[in-house]
Amino acid sequence: MNSETDIQLSGPFSVTDAAGRKHDIQAIRIFDEGYGIIDVYVDFATAIGKERLFEDQKLIAQVLARLRQIGYAGPDFGHGDLGLQDDKLIVLEAPEEFNAFAASKGWKDLAAEFAEDEQEDWHSEASDSQAASSSKLDALKNKFKT
């Protein structure tokens, strides 16, 4: 875990998978900034080996229950990119509704900042265009007055 770029959402807790095995989770975390879709990292205290726990619905339900205990209110997650899954880690892909919860924990949506900049640029261009149109109209009015 990189404390400079991570936001820890939950500390240690235990879950049980569909086969009845207990697993200790060290933390649930997210990166501090991103573009819309958030990957949620579930760090295990010990190696989970080749088990496909990211597909274990019972285990995922317990992770989601933990997130709901700390304030997330939204739809369930799917698993993240298969290439991100690791020996001591599962990665879940949060739905868009998770963004507001993540923002309340300090997450920064870089896409929103980009959209705000684009919108400001558009308003600026529109204002410039209106000013130019207004000047041309004034010039035409003055021309016909004489």
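The closest donor-acceptor contact from the side chain of D39 to the backbone of V91 lies at 3.5 Å or more, if one exists at all.
Taking the side chain as every heavy atom from C-beta outward, F77 and F98 approach each other to under 4.5 Å. Side chains of L9 and I7 form a contact here, defined as non-hydrogen atoms less than 4.5 Å apart. Proximity of L59 to H23: side-chain heavy atoms (C-beta onward) are separated by under 4.5 Å at one or more points. A 4.5 Å side-chain heavy-atom check between I25 and V63 finds at least one atom pair inside the cut-off.
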Under 3.5 Å, which donor-acceptor pairs do the side chains of residues 44-52 form with other protein atoms, sequence neighbours left out?
| unit_1 | atom_1 | unit_2 | atom_2 | d |
| --- | --- | --- | --- | --- |
| E51 | OE1 | R21 | NH2 | 2.9 |
| R52 | NE | E55 | OE1 | 3.1 |
| R52 | NH2 | E55 | OE2 | 3.0 |

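Nearest heavy atoms, K58 versus D17: CD-O, 3.6 Å. Considering every non-hydrogen atom in both V40 and A94, the closest pair reads CG2-CB, 4.0 Å. Across Q85 and G80, no two heavy atoms sit closer than the pair NE2-O, 3.4 Å.
Side chains of D32 and T5: a donor-acceptor N/O pair is absent below 3.5 angstrom, by distance only.
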Evaluation steps, side-chain contact (heavy atoms from CB on, under 4.5 Å), between D24 and F13: CA-CA 6 Å; D24 292 324; F13 66 104; over 6 Å; no
Applying side-chain contact (heavy atoms from CB on, under 4.5 Å) to F101 and I70, what does each step give before you reach the verdict? CA-CA 10 Å; F101 171 73; I70 58 174; 4.0 Å; yes
Go through the steps to decide whether V42 and L53 satisfy the test side-chain contact (heavy atoms from CB on, under 4.5 Å), and finish with yes or no. CA-CA 11 Å; V42 181; L53 294 180; over 6 Å; no
Could you give me the CA-CA distance, side-chain angles and deciding distance for D43 and R29, then say whether salt bridge (charged side-chain N to carboxylate O under 4.0 Å, His left out) is met? CA-CA 8 Å; D43 296 308; R29 62 187 171 86; 2.6 Å; yes
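Within the structure, no pair that satisfies the side-chain hydrogen bond (donor to acceptor under 3.5 Å, both in side chains) test touches residues 88-105, not counting sequence neighbours. Applying the side-chain hydrogen bond (donor to acceptor under 3.5 Å, both in side chains) definition to pairs two or more places apart or across chains, those involving residues 60-81 are S10-R66, R68-D76.
For the atom pair I28 CD1 and L64 CG, the distance stands at 8.5 Å (nearest 0.5 Å). Atom CG in L89 sits 8.0 Å away from atom CG in L84 (nearest 0.5 Å).
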